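Remarks on the structure that follows.
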Amino acid sequence: MSAYKSDFLNVLASRGFIHQVSEPEALDSLAAKEPITGYIGFDCTAPSLHVGSLLPIMMLHWMQQTGHRPIALMGGGTTRVGDPSGKDESRKILTDADIAGNLAGIRTVFGKFLKFGDGKTDALMMNNNDWLAPLNYIDFLRDVGKHFSVNRMLSFDSVKMRLERQHELSFLEFNYMILQAYDFLELHKRTGCVLQMGGSDQWGNIVNGIDLGRRMANAQLFALTSPLLTTSGGAKMGKTAAGAVWLNEDRLNAYGYWQFWRNTEDADVERFLKLFTVLPLDEIAKLAALKGQDINEAKKILATEATALVHGRAAADAASDTARQTFEEGAVAQNLPTFEIPRKDLEAGYGILTANVAVGFVKSNGEARRQIQSGGIRVNDVPVTDEKMTLTPVNLTPEGVIKLSMGKKRHALLKPI
């Protein structure tokens, strides 16, 4: 990798964020000379973003840290259409109320990574519904649609994949790339934005925007994409057997979030430290050099630093302490995930299979039964051998809870009320 002149591209390159850049020399010269404005779009399909969105958020963070102005573009308008990129099926259509609710939930996380305000490099949060909703469809087709070749649109991977697999691609979704290109043009007009960033699957959509900006505004715009992130085991980042790893506290608490990072595969530790923490590279290099059991120390630091960015330093340290007490000292830590059950159910005998489903370790009694048969379930750190076991007040610890464990790393407390 040749060194860039701008801090912005140097930081992104050295930490592993760059997959492709359009006209890298021109973008580098511009970023070295003056503050530039760049954006990433986030659709509002759920009330929280998950870990898969963390990489683009970190790109905006480093953009601001190196003296430039980031825009977090909320897709209030495009969410009504749905992005076909990387999808086999059409998204379900959300109501305007759903989108507004999701937007409110998503907004909260950005303030932890970006400084918003009116300063030259203060971040902006914008919503593409502001300019997409008032569009007159006929005028839009005439003024913007004429710049798009259907032949070229059919050649994009997001479209080709659906057509080759004979999965339906609605005309509504086919328009998504035109709307995304129009966003880039509109942001350029409104804010002077010259850069759009995103995952590598967005390259075609971003290049469309560059082309539209040249045709309609005679603007030189740029694209920068990051690698699509998978774990070294090939799994998609941000998905676990239990579901998505959400960024909002009300969807996943700090301890659960800490545990996700603590369970990182050995081969991913260095890469994730660079991408998902703000630790200096020389410190990361020392942690990456750890071998054998010592790599677990690097994983704990990754978990604590990544959790601190999303949940705050105090919550990250508390999660780390909880884990240490639970795993290393064998204590019942009070801030493990806690599930309340009616005391009368416990007094009547609460089935061990039901308990494992209730805390989310498994999805069915059959799955809980298999875990017990393989020795994977423990109550108060004692292995369960009888699938007909019932939990009663006798099982309560001195702290008034029952500690339920599956494997070495999943723990929960049952608390009678």
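Just so it is clear, the structure is predicted and the values come from calculations on it, not from any experiment.
- Among N129, N175, N128, the single residue meeting the side-chain hydrogen bond (donor to acceptor under 3.5 Å, both in side chains) criterion with T78 is N128.
- In this structure a side-chain-to-backbone donor-acceptor pair under 3.5 Å is missing from N248 to R251.
- A salt bridge links K300 and E297; the closest N-O separation between the charged side-chain nitrogens and carboxylate oxygens is under 4.0 Å.
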Chi angles and distances behind the side chain to side chain donor-acceptor pair (under 3.5 Å) call for Q64, T121: CA-CA 6 Å; Q64 187 168 48; T121 62; 5.2 Å; no
Show me the donor-acceptor pairs within less than 3.5 Å that the side chains of residues 17-24 make with the rest of the protein, sequence neighbours left out.
from, atom 1, to, atom 2, distance (Å)
S22, OG, A223, N, 2.8
E23, OE1, Q220, NE2, 3.1

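- In this structure H68 satisfies the side chain to side chain donor-acceptor pair (under 3.5 Å) test with no other residue, sequence neighbours excluded.
- Remark: D130 engages no residue in a salt bridge (charged side-chain N to carboxylate O under 4.0 Å, His left out) (not counting sequence neighbours).
- Residue E34 places its CD atom among more than 12 non-hydrogen atoms of other residues, nucleotides or ligands, all under 6.0 Å distant.
- Taking the side chain as every heavy atom from C-beta outward, Y39 and P70 never approach each other to under 4.5 Å.
- Atom CD of residue Q196 and atom NE2 of residue H188 lie 13.5 Å apart, to the nearest 0.5 angstrom.
- In this structure, the side chain of D43 does not engage the main chain of T45 through any donor-acceptor pair within 3.5 Å.
- Side chain to side chain, T304 and D317 fail the donor-acceptor criterion of an N or O pair below 3.5 Å.
- In plain terms, the two heavy atoms of L228 and G199 that are nearest each other are CD2-CA, 4.4 Å.
- Considering only heavy atoms from C-beta on, I57 comes within 4.5 Å of L49 through its side chain.
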Intermediate values then yes/no, side chain to side chain contact (heavy atoms under 4.5 Å, CB included), M153 and V159: CA-CA 7 Å; M153 290 167 78; V159 174; 5.6 Å; no
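- Crowding of K120 atom NZ: a count of heavy atoms from other residues, nucleotides or ligands under 6.0 Å not exceeding 12.
- Ion pairing between a basic and an acidic side chain is recognised when a charged N comes within 4.0 Å of a carboxylate O; K415 and E340 show no such pairing.
- Using a 4.5 Å heavy-atom threshold, the side chains of N395 and Y350 count as separate.
- Contact annotation: the side chain of T95 never approaches that of I99 to less than 4.5 Å [non-hydrogen atoms, C-beta and beyond].
- Checking side-chain atoms of H61 against main-chain N and O of F113 turns up a donor-acceptor pair under 3.5 Å.
- Between M126 and T191, some side-chain heavy-atom pair lies under the 4.5 Å cut-off.
- In this structure, R370 has no side chain to side chain donor-acceptor pair (under 3.5 Å) partners at least two apart in sequence or on a different chain.
- Aromatic ring pairs are classed by plane angle as parallel below 30°, tilted from 30° to 60° and perpendicular above 60°; the pair W261 and Y257 is perpendicular.
- If you check the side chains of R69 and T37, you find a donor sitting under 3.5 Å from an acceptor.
- Annotation: side chain of R152 is in contact with side chain of V207 (closest heavy-atom distance under 4.5 Å).
- Shown here are the salt bridge (charged side-chain N to carboxylate O under 4.0 Å, His left out) partners of R313, two or more places apart in sequence or in another chain: E305.
- Residues D183 and Q180 have side chains that never bring a donor and an acceptor to within less than 3.5 angstrom of each other.
- With a 4.5 Å cut-off on side-chain heavy atoms, W246 and P47 do not count as touching.
- Side chain of R107 to main chain of M125: no donor-acceptor pair is present (N/O by atom type, distance under 3.5 Å, no hydrogens or angles).
- The backbone N or O of Y4 sits nowhere less than 3.5 Å from a side-chain atom of S6 that would complete a donor-acceptor pair.
- Residues T354 and N365 come closest through the heavy atom pair N-OD1, 4.0 Å.
- Rounded to the nearest 0.5 Å, atoms CG (L273) and CZ (R15) are 9.0 Å apart.
- Counting only heavy atoms from C-beta outward, the side chains of L281 and K274 approach each other to under 4.5 Å.
- For NZ of K112, the number of neighbouring non-hydrogen atoms (other residues, nucleotides, ligands) closer than 6.0 Å is greater than 12.
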Worked check of side chain to side chain contact (heavy atoms under 4.5 Å, CB included) between L224 and M59: CA-CA 10 Å; L224 189 157; M59 291 167 80; 3.5 Å; yes
Residues L221, L195; criterion side chain to side chain contact (heavy atoms under 4.5 Å, CB included); working and verdict: CA-CA 6 Å; L221 305 179; L195 173 66; over 6 Å; no
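- The two residues N102 and C44 make their nearest non-hydrogen contact at ND2-O, 3.0 Å.
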Evaluation steps, side chain to side chain contact (heavy atoms under 4.5 Å, CB included), between L275 and L229: CA-CA 10 Å; L275 294 172; L229 205 56; 3.9 Å; yes
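- Annotation: the span from I341 atom CD1 to L346 atom CG amounts to 4.5 Å, rounded to 0.5 Å.
- Nearest heavy-atom pair across S200 and T225 is CA-CB, 3.8 Å.
- Distance alone, capped at 3.5 Å, is enough to place a donor-acceptor pair between the N127 side chain and the G76 backbone.
- From I377, atom CD1 reaches atom CD of E387 across 12.0 Å, with rounding to the nearest 0.5 Å.
- The minimum heavy-atom distance linking S405 with K403 is given by the pair OG-CE, 3.9 Å.
- Annotation for T79 and L94: closest pair CG2-CD1, 3.9 Å, computed over non-hydrogen atoms.
- N208 and Y182 form no side-chain donor-acceptor contact under 3.5 Å, judged by distance and modelled atom types alone.
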From CA spacing to verdict: ring-ring contact (aromatic ring centres under 6.0 Å, His included), F116, F110: CA-CA 9 Å; F116 290 90; F110 287 93; 7.2 Å; no
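- With I301 as reference, L287 is the one residue of T277, L287, L290 to meet the side-chain contact (heavy atoms from CB on, under 4.5 Å) rule.
- Looking at residues two or more places apart in sequence or on another chain, you find a salt bridge (charged side-chain N to carboxylate O under 4.0 Å, His left out) between D268 and R271.
- In this structure, CG in D7 is found 11.5 Å from CD in Q65, a value given to the nearest 0.5 Å.
- The CG atom of L212 sits 13.5 Å away from atom CE of M177, with the distance rounded to the nearest 0.5 Å.
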